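In what follows, a single structure is set out as structure tokens and then discussed.
Lettering follows sequence order; numbering is per chain, from 1. Quick caveat, the model's predicted, so the values are computed rather than measured.
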There are 4 protein chains.
Amino acid sequence: MGIHERKQREKEQRRKQIMEAAKTVFSAKGFNRATMEEIAGEAELSPGTLYLYFKNKEELHTSLSINILQHLTEQMIAFVHDKNLDAMEKLMALKDVFIKVYEYDAMVLINLFHLQSGETLKNLSGPVLNEIKETSADAIGAITAIVQEGIDQGVFVERHPVALADIIWATYSGVVLWVDSKRLLNNEKDFVIQTLETAFELIAIGLTQSDKP
Amino acid sequence: MGIHERKQREKEQRRKQIMEAAKTVFSAKGFNRATMEEIAGEAELSPGTLYLYFKNKEELHTSLSINILQHLTEQMIAFVHDKNLDAMEKLMALKDVFIKVYEYDAMVLINLFHLQSGETLKNLSGPVLNEIKETSADAIGAITAIVQEGIDQGVFVERHPVALADIIWATYSGVVLWVDSKRLLNNEKDFVIQTLETAFELIAIGLTQSDKP
Amino acid sequence: MGIHERKQREKEQRRKQIMEAAKTVFSAKGFNRATMEEIAGEAELSPGTLYLYFKNKEELHTSLSINILQHLTEQMIAFVHDKNLDAMEKLMALKDVFIKVYEYDAMVLINLFHLQSGETLKNLSGPVLNEIKETSADAIGAITAIVQEGIDQGVFVERHPVALADIIWATYSGVVLWVDSKRLLNNEKDFVIQTLETAFELIAIGLTQSDKP
Amino acid sequence: MGIHERKQREKEQRRKQIMEAAKTVFSAKGFNRATMEEIAGEAELSPGTLYLYFKNKEELHTSLSINILQHLTEQMIAFVHDKNLDAMEKLMALKDVFIKVYEYDAMVLINLFHLQSGETLKNLSGPVLNEIKETSADAIGAITAIVQEGIDQGVFVERHPVALADIIWATYSGVVLWVDSKRLLNNEKDFVIQTLETAFELIAIGLTQSDKP
DNA sequence: AATGAATGAGGGTTCATTCAT
DNA sequence: CATGAATGAACCCTCATTCAT
């Protein structure tokens, strides 16, 4: 079993090595202009080897996104059940996770949000698609739980919690995509984090105040 | 002059004809899987003709986005200077424009928001890039003007107006992308408009209320 | 008939105008990279018009060569029958014509010599091919006549006059092609004329001296 | 080591296989009408494979020329340093090499001389261009050395040795191109070799005799 | 005669993927 | 498992040529 386990770990190790290389190349070239040969070169492997670990280029690409989505979701779930935090504190913790993940790997996160595109989504194989569906359901579920808790506690005003969760998630993705593209268009400094902070201020107010008088 | 003008109009007509066909094909296949030959067929023209009107596939694709962005911006600017509306009414008018444009052509709008992607942005020619930059600056400018007016009138609380405009725009794009992808993932009904309504409620509250107590 | 003649002259005029433009463009781009559209633009005509005067691109290209070949041949023939010159003087006159034509239009001359290529020759239509055959036969005939006269006069040693004419013509084309390409390869000054002068010295000696002792 | 060497040899083998096929196809169709697909078919390989060994069509074509130029140059250099030959004998040996190479592969040789064309030359990549420059400099250098030796020995009259080398090389290329094209034009027998023999007689006389009396 | 918009066949090239070693 | 040479389908784009006006 020692042998079997080591094999398993080596295999996992290779996958990571490839995904790391893929991240670098996709990041520099974008999906279309990146070639499997270049990724293989970056990973110091041969092209053929990539196909032992990933079914094809698309799934290698998607794996990057799934990875960060799982990472993000895990962290969100971690404090949802934390009894020591009230709903508003959880909302702020959510914001901090969003920012931390953005800081951790902006490019893969952007990539994840672009996955929300018909073109990409349509071409994924069933299992991969399911993994995405489930993980993103978990992510939205975690946000929904926070919102629901706030409503139950009377801290947040009563609205459809799933819609609110969608808005929070959408704001996150929208800010990351738009502010990042502004950076590219105008050679600006990176304002994503500041903008996220302000966006969450607005969201917090919107969630707590009943209505414009 | 009659001749010259008619020629001009015919040329404009052809561009539209091609863009219409391109929209159909890109919409059905996505950028990569769409072929110029198929677009030409859809437009009942020969492949070569496409290149008389668009430099290459990428610029044809981008033209669709620019088009809707200009359309959107024009409408936004239209009521910014309307003296009969106060800032909050303008904000609601903005929401209505957003919704109307989404209803008018969801697919091209989604396409526009995906243009905010490094991969696509990096490969555009100078003139096209400039057109995007300018038009999107106009769009953000229009939103900024509304927010600024609200602040000046004491209706909105004082915050950095550009950041707020970015957040509004980002929320729009985020909601459209995310809720649309949820529809694809889960074969859901289209909730984009309802979600946008709710999102704007939150934004309106966030803009008018100073802070959580 | 006045009308008919004027029409005729105008037509001739247009051909020249097109050939002039073609010369410019072929010269700058080479045959393959030159486009009919660009030639039309240079001639301030539309692409379609070119086809009223030349059957296709290849024959337009070849016409340039035929033109200079006829020009060259005419001048050679002019002094072949000049009773005031002896064979050696005629040989020197030949050299002068060669140089003058090179100076007049180096590019078209080079073009002519490249026509001596299987690829180009094989794709010409019958009539054009015949014109080339006849004119180049005339050219070689003129040189042969000079050599023959020299032999008859006992000035040149007895050898096969056609072979000698071929060698003279080949030397001309070889020097022009090779020295011009050296210019391109090494960014050298143009040494074609000096090299031709030296080459003809050698030829003159070779023709007059019987053999190495 | 055995493995590495064999791989190397196999690779070299493939290049030859492709060049052989290319020679056949270019020879039959000329550069423009030859297609990569046809060459691949002739080599019993797939089109893609060609691009593993040659950057593009042009460089495959040029490689053929460079090959024969190197072959020619090697042989010329071989006897330049032969102490057993005097200058005149070396000149005659040069002629023999010229003839042998022509007999060995006339078509590729003609191809080489056509490379001396602006159009082709301008579109070559730096490294390939350099290889041509260097090899043709070596070729001219070898001829120059012979001529210089003749002058030093007092066998040849004193003239600029480089110019003489150029003339010899130009005569070679001119005779091959022109007499071969005569063959094509008039369905003649192949007189290249006889003409070269006569040409070298003239050159020998021209080099040894001081001047027309 | 002149136009010039439209044509559409054609080919070079790329690159994800495979498979014999 | 790993390799990497070979594959070959696919596609963008060019441009000589045509023809309705």
Practice task
Indicate yes or no: at least one non-hydrogen side-chain atom of A/L45 is less than 4.5 angstrom from one of A/Q17.
Solution key: yes
So the ring-ring contact (aromatic ring centres under 6.0 Å, His included) pairs with at least one residue in residues 36-55 of chain B (sequence neighbours excluded) are none
Does B/S46 place a side-chain N or O at less than 4.0 Å from the phosphate oxygens OP1/OP2 of E/dG8?
no
Side chain to side chain donor-acceptor pair (under 3.5 Å) filter on A/S27, not counting sequence neighbours, yields none
Under 3.5 Å, which donor-acceptor pairs do the side chains of residues 34-41 of chain D form with other protein atoms, sequence neighbours left out?
from: D/T35; atom 1: OG1; to: D/E38; atom 2: N; distance (Å): 3.0
from: D/E38; atom 1: OE1; to: D/K29; atom 2: NZ; distance (Å): 3.0
from: D/E38; atom 1: OE2; to: D/K29; atom 2: NZ; distance (Å): 3.1

Set out, in order, the CA-CA distance, both residues' side-chain angles and the distance that settles side chain to side chain contact (heavy atoms under 4.5 Å, CB included) for B/L115 and B/L69, then state yes or no. CA-CA 11 Å; B/L115 198 60; B/L69 181 57; over 6 Å; no
Against the side chain of C/P47, the closest entry in E/dG4, E/dT17, F/dC13 is E/dG4
Within residues 26-44 of chain B, those residues having any heavy atom closer than 4.0 Å to DNA chain F are B/A34, B/T35, B/M36
Hits for side chain to side chain donor-acceptor pair (under 3.5 Å) against D/E42, two or more places apart or cross-chain, chain-then-number order -> none
Applying side chain to side chain donor-acceptor pair (under 3.5 Å) to D/K16 and not counting sequence neighbours gives none
Residues of residues 52-63 of chain D with a heavy atom under 4.0 Å from any atom of DNA chain E, listed by number, are D/N56, D/K57
Apply side chain to side chain contact (heavy atoms under 4.5 Å, CB included) to A/F26 and A/K57, showing your working.
-> CA-CA 11 Å; A/F26 282 137; A/K57 188 185 177 184; 4.2 Å; yes
Residue set satisfying salt bridge (Lys or Arg N to Asp or Glu O under 4.0 Å) with B/E58, at least two apart, ordered chain then number -> A/R33
Collect all protein-nucleotide pairs involving nucleotides 19-21 of chain F in which both atoms are nitrogen or oxygen and the distance is under 3.5 Å.
none

When rounded to the nearest 0.5 Å, the distance separating CZ of A/R14 from NZ of A/K11 is 11.5 Å
Salt bridge (Lys or Arg N to Asp or Glu O under 4.0 Å) filter on D/K133, not counting sequence neighbours, yields none
With sequence neighbours left out, the residues meeting side chain to side chain donor-acceptor pair (under 3.5 Å) with B/S65 are B/N111
Worked check of side chain to side chain contact (heavy atoms under 4.5 Å, CB included) between D/S63 and D/I66: CA-CA 5 Å; D/S63 295; D/I66 291 183; 5.6 Å; no
Base-pair string, DNA chain E, Watson-Crick plus G-U, cut-off 3.5 Å on both distances, | for inter-strand, is .||||||||||||||||||||
